[in-house]
Enquirer: 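Here it is, the structure, as structure tokens.
What's counted below: heavy atoms across the whole structure, side chains too, no hydrogens, waters or symmetry copies. Chain letters run A, B, ... following the sequence lines, proteins first, then strands; residues in each count from 1. Because the structure is a prediction, the values reported are computed rather than measured.
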There are 2 protein chains.
Amino acid sequence: MAGAVRREPLNRGRVLATAVQLADAIGIEALSMRRLAQELGVVPMALYKHVANKDQLLDGMVDAVLAEIDPVGDGPWREVVRARVLSARAALLRHRWAARVIETRPVPTAAVLAYLDSMAGAFRSGGLSVQLTHHVMHAMGSRLLGFSQELFEASGAGAPAPEFAAAFPRLAELASGGHDEASVVGGGCDDRFEFEFALDLLLDGFARLHGAGWAPPAGG
Amino acid sequence: MAGAVRREPLNRGRVLATAVQLADAIGIEALSMRRLAQELGVVPMALYKHVANKDQLLDGMVDAVLAEIDPVGDGPWREVVRARVLSARAALLRHRWAARVIETRPVPTAAVLAYLDSMAGAFRSGGLSVQLTHHVMHAMGSRLLGFSQELFEASGAGAPAPEFAAAFPRLAELASGGHDEASVVGGGCDDRFEFEFALDLLLDGFARLHGAGWAPPAGG
DNA sequence: ACCTGAACACCGTTCAAGT
DNA sequence: ACCTGAACACCGTTCAAGT
């Protein structure tokens, strides 16, 4: 107990793990280098010995989240892809800020590329041609990583306000009628159902094209 | 010429129009209230008479871009939706920052809701049930507005670097083989083709479900 | 009615030191 | 080798004035 307790020295892993937890807790927009330093009981500049700058911190945080996704499994390509995407989705739901950060990063990290590479491999191993796999990867887009941005938040409350229904009648009828009662506990909508609906629609489409011997359009 | 030239007074429209142009020119991340004020030859605080804060400025900019999208046309729902989505895509390509800002806004503006309402109306007018329209709107996600985030930029150069190909062989083969030569001028990939591939796959899937009398799953 | 100036509480980051 | 302190050039925004 003589003098201050000797802090265990920082390292990159501790910086990243703390950044992930802190972003989970306070949101990504509130995560600053200064706030993170404070959380670690350190002066802001101490972080720069372990992380080149804030961009590299964000990249490291993304990689930490990706590391939580299950590896590709065995079986028919459709099931392999489906299971992995849902595993990715589970990881991103544990860290709500991650989808936005991934979208925002200008250059993908090696871990993101490795993930995408393994997904392309799953389609190719299933027998899809290079060309079809290329288009399929684009068509999946962010769904490969288990997310797709929502243009309108589920917005909690069951029935829309009267002014809303008057101004946007088509949206209002969707909000009230989109799910049968059994699946809507307390109003709102079943995000997992919506995600799987689109995912399966896409996978069905890919399977159909593949089964029909899809080839690039002749003209160009 | 006696004294300073009298500046014409600011108004909300001029603030928003200048903000849109400035974001086109310098990028959204460089667009600050201070930089915009400078562009208008005015002190930063002058803006706050016409726009409550930066969030409201961004909302106004989004609405300005949405106003460039063609209204819904006449015809079969599939064609109506397809044409409108491609019109939205054209508007968003004119303002590359807009997709990111739309994704980022926590609450949709009235103009965004009106747009979505009209798209829901297009599906409903085509005879799709409320339930199917609900899922269809979710499945379209940001594609309703003509964009879908790319996890990897087309990344210009035709053939991937050798180190890349070694580390990510499945991605490398897609990069080189994804398009036939006629459609790939100078390497890279045809974004419009990819967008329409996914769009048509989804629309085909919706039409198939609708034609087959799709109803919500029995169990819940 | 519209614009200004100074100030506040924040950012990420550089540089030159401390132990 | 690792951490610190002071400083720089930025943010968005409030408040109290100016014309």
Enquirer: Among dG12(C), dT13(C), dC3(D), which is the nearest nucleotide to the side chain of Asn53(A)?
Expert: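 The answer is dT13(C), which lies nearest to the side chain.
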Enquirer: State whether Tyr48(A) places a side-chain N or O below 4.0 Å from either non-bridging phosphate oxygen (OP1 or OP2) of dT13(C).
Expert: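 The answer is yes; a side-chain N or O of Tyr48(A) sits under 4.0 Å from OP1 or OP2.
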Enquirer: Starting from C1' on dC10(C), measure out to CD on Glu29(A) and report it in whole angstrom.
Expert: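 Value for this atom pair: 15 Å.
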Enquirer: Tell me, with the steps shown, if His135(B) and Phe193(A) meet ring-ring contact (aromatic ring centres under 6.0 Å, His included).
Expert: CA-CA 9 Å; His135(B) 304 318; Phe193(A) 180 90; 4.8 Å; yes
Enquirer: dC10(C) C1' sits how many Å from Lys54(B) NZ, rounded?
Expert: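 Taking atom C1' of dC10(C) as the reference, NZ of Lys54(B) is at 14 Å.
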Enquirer: Whether Arg94(B) and Asp24(B) form a salt bridge (side-chain N of Lys/Arg under 4.0 Å from carboxylate O of Asp/Glu) is what I want to check.
Expert: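 No, this pair does not count.
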Enquirer: Mind calculating the distance between CG (Leu58(A)) and P (dC11(C)) to the nearest angstrom?
Expert: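 Distance, rounded to whole Å: 14 Å.
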Enquirer: Between Arg84(A) and Asp70(A), does any side-chain N to carboxylate O distance fall below 4.0 Å?
Expert: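 Asp70(A) and Arg84(A): not salt-bridged.
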Enquirer: Whole angstroms only, please: what is the CZ-P distance between Arg12(B) and dC2(C)?
Expert: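 In whole Å, dC2(C) P and Arg12(B) CZ are 14 Å from each other.
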Enquirer: In terms of side-chain heavy atoms of Val43(A), which of dG5(D), dC11(C), dT4(C) is nearest?
Expert: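 Looking only at heavy atoms from C-beta outward on Val43(A), the closest nucleotide is dG5(D).
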Enquirer: Using a strict threshold of under 4.0 Å (side-chain N to carboxylate O), is an ion pair present between Arg100(A) and Glu103(B)?
Expert: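 A salt bridge is absent here (no side-chain N lies under 4.0 Å from a carboxylate O).
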Enquirer: Which nucleotide wins on minimum distance to the side chain of Lys49(B), given the candidates dG12(D), dT4(C), dC2(C)?
Expert: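 Nearest listed nucleotide: dC2(C).
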Enquirer: Which one, dG12(D), dT4(D), dG12(C), comes nearest to the side chain of Val42(A)?
Expert: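 Looking only at side-chain atoms, Val42(A) lies closest to dT4(D).
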Enquirer: Measuring to OP1 and OP2 of dC3(C), would you say a side-chain N or O of His50(B) lies under 4.0 angstrom away?
Expert: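 So the side chain of His50(B) is within the cut-off, an N or O lying under 4.0 Å from OP1 or OP2 of dC3(C).
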Enquirer: Where are the stems of DNA chain D, defined as at least 3 consecutive Watson-Crick or wobble G-U pairs with both distances under 3.5 Å?
Expert: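 Stems for DNA chain D, defined as runs of 3 or more consecutive pairs: C:4-8 with D:12-16, C:12-16 with D:4-8.
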Enquirer: Rounded to whole angstroms, how far apart are CG on Asn11(B) and P on dC2(C)?
Expert: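 From Asn11(B) CG to dC2(C) P: 10 Å.
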Enquirer: Within this structure, what is the CZ-to-P distance between Arg34(B) and dC11(C), rounded to whole angstrom?
Expert: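 Those two atoms, CZ and P, are 15 Å apart.
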Enquirer: Please identify each residue that fulfils salt bridge (Lys or Arg N to Asp or Glu O under 4.0 Å) with Arg89(A), with sequence neighbours left out.
Expert: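 With sequence neighbours excluded, Arg89(A) shows a salt bridge (Lys or Arg N to Asp or Glu O under 4.0 Å) to no residue whatsoever.
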Enquirer: In whole angstrom, what separates Leu47(A)'s CG from dC2(D)'s C1'?
Expert: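 Rounded to whole Å, this separation is 13 Å.
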Enquirer: The side chain of Met45(A) lies closest to which of these nucleotides: dC3(D), dG5(D), dG12(C)?
Expert: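 Nearest nucleotide to the side chain: dG5(D).
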Enquirer: Provide, to the nearest angstrom, the distance between the CE atom belonging to Met33(B) and the P atom belonging to dC11(D).
Expert: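 Nearest whole value for this atom pair: 12 Å.
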Enquirer: Do His134(A) and Glu194(B) pass the side chain to side chain donor-acceptor pair (under 3.5 Å) test, and can you show the C-alpha distance, the side-chain angles, and the key distance before you say yes or no?
Expert: CA-CA 9 Å; His134(A) 181 118; Glu194(B) 301 305 342; 3.2 Å; yes
Enquirer: Let me confirm one number: the CG-CD distance from Leu203(B) to Glu196(B), rounded to the nearest 0.5 Å.
Expert: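 With rounding to 0.5 Å, CG (Leu203(B)) is 10.5 Å from CD (Glu196(B)).
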